[in-house]
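Below is one structure, written out as structure tokens, with a few remarks after it.
FYI, side chains are in, hydrogens and waters are out, and symmetry mates aren't considered; it's all heavy atoms of this structure.
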Amino acid sequence: DQQVKQNSPSLSVQEGRISILNCDYTNSMFDYFLWYKKYPAEGPTFLISISSIKDKNEDGRFTVFLNKSAKHLSLHIVPSQPGDSAVYFCAASAGTGNQFYFGTGTSLTVIP
Amino acid sequence: DAGVTQSPTHLIKTRGQQVTLRCSPISGHKSVSWYQQVLGQGPQFIFQYYEKEERGRGNFPDRFSARQFPNYSSELNVNALLLGDSALYLCASSQGAANQPQHFGDGTRLSIL
């Protein structure tokens, strides 16, 4: 039972353009969301988080949008750089625990 | 500052054996979580420990166990290994017990022959 879904296994974007990665969830109890970036042979690196009391959070080139009614979140990277090429995971947790449910990841390729 | 460190980096075992994986959290972090990641999937939650107490357990059999020590480091034990236990095992630490970003180590790659 996949509670967090990333329906696009891969995405290619030109350098300098916007990258938009999408994530859908089914559990309405999820109230805290994270995005991670993962390079091969390394652990996931935390990028940005958002709480369900917000609908947007920005950190430099990274912005996360949360649409609670649609149970959808997205990560925008502007401008995209070749070093952003990696697998991106979204993750969600509910309530007082720090148990995160992860999506299956989207592989982003930024073309120079 | 040192990040989350895991040992060993790679391990090869045979079916039926037992394995212990180790994790040292970021200094000041009191919560440690363990995840299993198989190829093509996202990490799947196994355990969370906070202040040496188990705070959560994922849908894994009793062959999986863990503990957290007074210095907040942690061990994951897996008994009676099966071929399906072959995976990347990730440890993550966070300052608090809930609604906190988790910071991951580079994992232990476990291969079962």
Sort [X] into side chain, backbone, both or neither according to what part of it lies under 4.5 angstrom from a heavy atom of chain A.
X: B/Gln48; value: side chain
X: B/Tyr35; value: side chain
X: B/Gln37; value: side chain

Legend entry - Toward chain B, the part of A/Tyr36 with a non-hydrogen atom under 4.5 Å: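 Side chain only.
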Legend entry - chain B contact via A/Phe100 - side chain, backbone, both or neither, heavy atoms under 4.5 Å: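 Both the backbone and the side chain of A/Phe100 come within 4.5 Å of chain B.
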Legend entry - Intermediate values then yes/no, salt bridge (charged side-chain N to carboxylate O under 4.0 Å, His left out), A/Glu15 and A/Arg17: CA-CA 6 Å; A/Glu15 181 178 3; A/Arg17 297 291 191 98; over 6 Å; no
Inset, instruction - Measure across B/Gln68 and B/Glu51 and return the closest heavy-atom pair with its distance rounded to 0.1 Å. - result: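 Closest approach of B/Gln68 to B/Glu51: OE1-N, 3.5 Å.
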Inset, instruction - Salt-bridge test for B/Arg55 and B/Glu53: reply yes if a basic N is under 4.0 Å from a carboxylate O, no otherwise. - result: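 Looking at B/Glu53 together with B/Arg55, the answer is no, because their closest N to O distance does not fall below 4.0 Å.
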Legend entry - Short N-O contact, B/Asp85 and B/Lys13, less than 4.0 angstrom: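 No, this pair does not count.
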Inset, instruction - Quick one: sort the A/Phe30 and A/Tyr101 rings into parallel, tilted or perpendicular, breaks at 30° and 60°. - result: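 A/Phe30 and A/Tyr101: tilted rings.
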Legend entry - Which of B/Gly58, B/Pro101, B/Gly107, B/Gly56 touches chain A most, by non-hydrogen pairs under 4.5 Å: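 Result: the option with the highest number of such pairs is B/Pro101.
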